There are 2 protein chains.
Amino acid sequence: MSTASGADTATATSTASSEGVTSVRRMRADAVKNRRRILDAAEAVFADEGLSAPIDVVAERAGVGVGTLYRHFPTKEALFEAIVTTRLQELVDSADAASTADDPGEALFSFLRTFGSQASAKHDVIDALAVAGVDVKSRCASTFEDLQAAIRRLLDRATASGAVRDDVTTAEVIGLVVGACHAAEQPSLGVTPDRMIEVVCDGLRRRV
Amino acid sequence: MSTASGADTATATSTASSEGVTSVRRMRADAVKNRRRILDAAEAVFADEGLSAPIDVVAERAGVGVGTLYRHFPTKEALFEAIVTTRLQELVDSADAASTADDPGEALFSFLRTFGSQASAKHDVIDALAVAGVDVKSRCASTFEDLQAAIRRLLDRATASGAVRDDVTTAEVIGLVVGACHAAEQPSLGVTPDRMIEVVCDGLRRRV
DNA sequence: CACTATACGGAACTGGCGTTCCGTTTGTCA
DNA sequence: TGACAAACGGAACGCCAGTTCCGTATAGTG
């Protein structure tokens with residue numbers, strides 16, 4: 001829900017002076033308000049139109065001119081970063097939450113199901129992870145690595161417990177789930193992610 | 001390999017006269033040659049750059065001006081149609097070939113593996129099937145339906161034999177495999193389709 | 001209240017790409 | 001070989017989306 005993540009609140013701009021002293025200046029009230037509006041608009045627009053939605057749409061939805069938008073985010077990618085990082089963080093949180101479950105296998109699977117429903121609700125994550133041309137890697141790198149690490153933890157535990165096969169990598173698990181979600185976004189196929197994810201989970205289970 | 005599919009040879013243009021008689025006129029020799037060159041170039045370019053490759057690139061590779069390209073294919077989509085239909089047909093053929101195998105389960109799985117390797121070699125199929133915005137549906141509709149039907153046949157047989165679970169649709173199988181291939185095209189993930197497809201196959205197997 | 005740094009808006013610019021247009025070239029046929 | 005329809009090439013056009021620019025508005029301060 002919340003898009004702010006502490007340091008992201010951005011009510012201030014920091015400037016390094018020549019002596020190395022850091023002076024902080026409050027943002028003007030309207031600027032703060034507009035920044036919020038832009039983030040909210042972007043979150044909504046990207047969620048249901050995907051990352052390819054034109055910037056103008058975001059600006060209009062925020063009730064702001066494009067110029068203003070660019071004052072806050074120098075690039076469309078910078079805006080992606082803000083939004084996608086949030087989403088990825090939500091997924092990291094889900095993964096961490098799932099990791100406390102008793103059954104390590106179910107912990108992984110329930111996370112993957114969560115991932116699926118999150119992703120099908122918010123087009124942007126999948127776009128960020130699955131569409132070539134949007135390079136998450138460069139901008140949201142660290143959060144993406146966090147996510148990968150969190151999934152690896154789930155996977156390792158599940159593998160160690162014997163619930164899940166041990167010949168699959170974290171990246172492959174991500175690929176399978178993201179792939180399924182991406183396919184589900186294609187209206188012509190007429191499928192939803194859930195059953196496909198169930199198949200993936202079964203495929204991950206260790207054969208008895 | 002071969003891109004020609006009988007009626008596609010297109011060395012002639014048919015015209016309906018006022019009396020309803022159909023007169024056929026030979027294409028000029030250079031036109032025939034150029035059409036071939038364009039198709040070959042498009043096949044190569046789309047295969048390794050995907051369907052988003054600019055038309056100019058195709059034209060240049062074919063050693064032809066854009067005007068000439070447009071004389072042969074009135075639209076970029078028309079060119080897609082020519083290429084993608086061929087690829088889809090290849091897949092239909094693979095599916096039909098697989099369907100003669102003794103073990104119905106393995107018939108399906110070996111086709112899915114073939115699909116995976118075809119797809120990872122030729123970016124365009126996956127683009128056509130997985131990237132929103134390219135509507136295969138409208139142009140290659142019938143061939144796509146043929147493919148879907150062929151896969152359904154494999155799936156039904158596999159299900160009937162008890163080798164494969166019976167709660168999965170053809171579209172879901174396609175979604176899973178296409179999704180995995182699509183994910184594999186993302187260089188940042190660093191995965192190949194094969195193991196992911198193996199997981200999908202295991203997921204499709206009926207639990208014993 | 002006046003003054004200025006800060007922020008705003010949106011028209012204009014840019015680059016990429018699909019498509020069109022038209023003057024030139026060339027294969028074909030008598 | 002001459003004539004002409006057919007085909008060619010590539011410059012030019014239009015659209016779309018990201019980005020920049022700059023004249024105008026306003027929050028914050030003394």
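In what follows, chains carry the letters A, B, and so on, assigned in the order in which the sequence lines appear, proteins first and then strands, with residues in each chain numbered from 1. In this text, all values refer to a predicted model and were calculated from it rather than measured experimentally.
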| task | For B/Phe109, enumerate each residue passing the ring pair (Phe, Tyr, Trp, His ring centres under 6.0 Å) test, keeping only those at least two apart in sequence or located in another chain. | result | none
| message | Does a side-chain N or O of B/Thr68 approach OP1 or OP2 of D/dG9 to a distance below 4.0 Å, or not? | response | yes
Cut-off 3.5 Å, no hydrogens considered: what does the side-chain donor-acceptor table look like for residues 54-73 of chain A, sequence neighbours left out?
none

| message | As an exercise, state the distance from CG of A/Leu155 to OG1 of A/Thr169, rounded to the nearest 0.5 Å. | response | 8.0 Å
| query | Rounding to a whole Å, what distance do you find between B/Arg26:CZ and D/dA7:P? | reply | 12 Å
| A/Ala163: partners by side chain to side chain contact (heavy atoms under 4.5 Å, CB included), with sequence neighbours left out | A/Ser161
| query | Do the side chain of B/Arg153 and the main chain of B/Asp96 share a donor and acceptor less than 3.5 angstrom apart? | reply | no
| message | So if I apply the side-chain contact (heavy atoms from CB on, under 4.5 Å) rule between A/Ile83 and each of A/Leu51, A/Leu88, A/Asp124, which one comes out positive? | response | A/Asp124
| Roughly how far apart are B/Arg195 CZ and B/Cys201 SG, rounded to 0.5 Å? | 14.0 Å
| Between C1' of D/dG18 and CD of A/Glu77, the distance in whole Å | 12 Å
What N/O pairs connect the protein and nucleotides 13-17 of chain D at under 3.5 Å? Give each pair on its own line.
none

| B/Arg205 side chain to B/Gly105 backbone, donor-acceptor under 3.5 Å | no
| request: Give the ring-plane orientation class for B/His182 versus A/His182, where under 30° counts as parallel, over 60° as perpendicular and anything between as tilted. | output: parallel
| said: So, OP1 or OP2 of D/dT19: does either fall under 4.0 Å of a side-chain N or O from A/Thr75? | reply: yes
| What integer distance in Å separates A/Phe73:CZ from C/dA7:C1'? | 15 Å
| request: Mind calculating the distance between CG (B/Leu69) and C1' (C/dC17) to the nearest angstrom? | output: 13 Å
Identify all pairs in which a protein N or O lies below 3.5 Å from an N or O of nucleotides 1-4 of chain C, and state each distance.
none

| message | If the cut-off is 4.0 Å, is B/His72 near the phosphate of D/dC8, judged by side-chain N/O to OP1 or OP2? | response | yes
| task | Summarise protein proximity over nucleotides 20-30 of chain D in one line of letters, 5' to 3': B for base, S for sugar-phosphate only, - for none, counting protein heavy atoms closer than 4.0 Å. | result | B-----BSS--
| said: If I take atom CD from residue A/Glu43 and atom NZ from residue A/Lys122, how far apart are they, to the nearest 0.5 angstrom? | reply: 6.0 Å
| query | Can you tell me how far P of D/dA7 sits from CZ of B/Arg35, to the nearest Å? | reply | 11 Å
| field | Under 3.5 Å: donor-acceptor pair, side chain of B/Thr85, backbone of B/Ala82 | value | no
| query | Quick one: B/Asn34 CG to C/dT26 P, roughly how many Å, whole number? | reply | 12 Å
